[in-house]
S.K.: 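Structure below; questions to follow.
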There are 2 protein chains.
Amino acid sequence: MAIRQIIDFVAIKAACENCRLAALCLPAGLEAPDLKRLEQLVRRPHPLRRGAALFRASDRMHAIYAVRAGSFRTYYLAEDGREKVLGFYLPGELLGFDGLGSGQHRCTADALETASVCELPLAQLQELADRLPSLNHQLYRLMSQEIAHDQEMLLLLSDKNAQERLATFLLNLAQRFGKRGFSAGEFHLSMSRQNIANYLGLTLETVSRTFSQFQREGLLSVERRHVRLLDKRRLSVMAGPGRPASSSTAT
Amino acid sequence: MAIRQIIDFVAIKAACENCRLAALCLPAGLEAPDLKRLEQLVRRPHPLRRGAALFRASDRMHAIYAVRAGSFRTYYLAEDGREKVLGFYLPGELLGFDGLGSGQHRCTADALETASVCELPLAQLQELADRLPSLNHQLYRLMSQEIAHDQEMLLLLSDKNAQERLATFLLNLAQRFGKRGFSAGEFHLSMSRQNIANYLGLTLETVSRTFSQFQREGLLSVERRHVRLLDKRRLSVMAGPGRPASSSTAT
DNA sequence: CGCCCGTTTGAGATCGTTCAAGCCAGGTGG
DNA sequence: CCACCTGGCTTGAACGATCTCAAACGGGCG
């Protein structure tokens, strides 16, 4: 498979120090010598294909992951089988902290498209963290961001209507894509309407209708999963309070 | 003031080792020698009266707090002035981590009634944590719990109807009161309907009506802020999926 | 005693859901 | 190569839970 080969090739070359995502990733804020040590821990497993799980709820946590390519979704399964989508993760973003307290993951992460990660084995990471306060602080910072994201979502879910929710979501994605060197005005949604709806606490019909409405109003153009934001200013007004930014583990 | 004197008297005697809340508090899981060191950091400021802020959003974070008596609410102020109540804190529960990442609090905490806290100054706590991996792990565990709580709330806000929300809330409170040696079947709500409503993503009218409905159905009796749960089994069924437990920073 | 605030209760409006039908793109098999 | 099928998406119509607006109640405090 050609794709597999390309990815493996990249994997061999990838190192935190040279990684174009480094600034967004765990290494951010670490000094060169600490970075070297961190780098030695990193594993780069084979890519996952669409739908494959990176980890599952109640799995013993054995690593933190950085998205290298592709994208992920995390969700959480209620006792009665209902799913709740908790977040989406783009390249450079970290996931898997949810287990740091208990040693067990609380949610499942699966790939929305073919995707690959860097893996930081927990045992060695904690050992390193116990000796490097700076790494500890970095981990606190990341968990804090997770909390910040969840609290933004609480505000969104309790106060915002469908338009505000979708606008917030799209601007957030745009901002995160932009930060990664992709276009912030035009992008591909790797998640289905159903996933977006679940994440935003709506039904897929409402998401679909709201997309159509935004398009009629000239705020964006959308065709299946391709979106182009045409009037970010107005979208931003629609999105309402709470920074449109800051979703997921992005800085 | 008599009350003030009593509280000060208790404050002098209180020490983590003897504190009846110790098992629920930060010290849980720490060994005796580490506990001693932690204990030396603790300050016990004067009680706060109803409405007084323990810390405010955008304040520089300089401590973590453990509730000693009374109760607190945390909320988060959106740009347009809308408030979002994030959580309630009972004796033995810890608050104030939200700033661990950035060094700034993201939300405001205020007393719902006369309340007092133990204060763990951040600078010394971090210094201690840098030398005590066990304390670090404890802090991770607590932040993790915060995340767990927020994610339970995300599920509640996106999936549950008013009855499920209120039932979940009441059972959660009951469980937390019970763990603290108060009655788990009958308790006083220190927060207003407005606060409950905001926390649950409803209006105060809906909360009020749902209380009345529960009472008509024999699930509980309620008079102003005094609640007695009469049929926890049925309430539990109503509450739906996601553990009814685990709210806030309680273990 | 009377005011004020938090709460309860009622009636109507609204937004999102539900149920249902149809569309479109991509993949499959004849 | 085309017909068909499937899954994801769009659109419509009616329903319903919650919100909004409004009024009245009741306890606590000056």
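Basis for what follows: all heavy atoms, side chains included, without hydrogens, waters or symmetry-related copies.
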S.K.: Determine, using ring centers only, whether Y65(A) and F55(A) are less than 6.0 Å apart.
M.R.: yes
S.K.: Atom NE2 of H188(A) to atom C1' of dA25(C): distance rounded to whole Å?
M.R.: 14 Å
S.K.: Decide whether a cation-pi geometry holds between R176(A) and F182(A); the criteria are a distance under 6.0 Å from NZ or CZ to the six-membered ring centre and an angle within 45° of the ring axis.
M.R.: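 Verdict for F182(A): no cation-pi partner in R176(A).
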S.K.: Between E186(B) and K232(B), does at least one N-O distance fall below 4.0 Å, as a salt bridge requires?
M.R.: no
S.K.: How does protein contact run along nucleotides 3-21 of chain C, one letter per nucleotide 5' to 3', with B for base contact, S for sugar-phosphate only, - for none, heavy atoms under 4.0 Å?
M.R.: ---SSBBBB----SBBB--
S.K.: Is the Lys NZ or Arg CZ of R193(A) less than 6.0 Å from the centre of F211(A)'s six-membered ring, within 45° of the axis?
M.R.: yes
S.K.: Determine yes or no for a side-chain-to-main-chain donor-acceptor pair under 3.5 angstrom, with S190(B) supplying the side chain and S71(B) the backbone.
M.R.: no
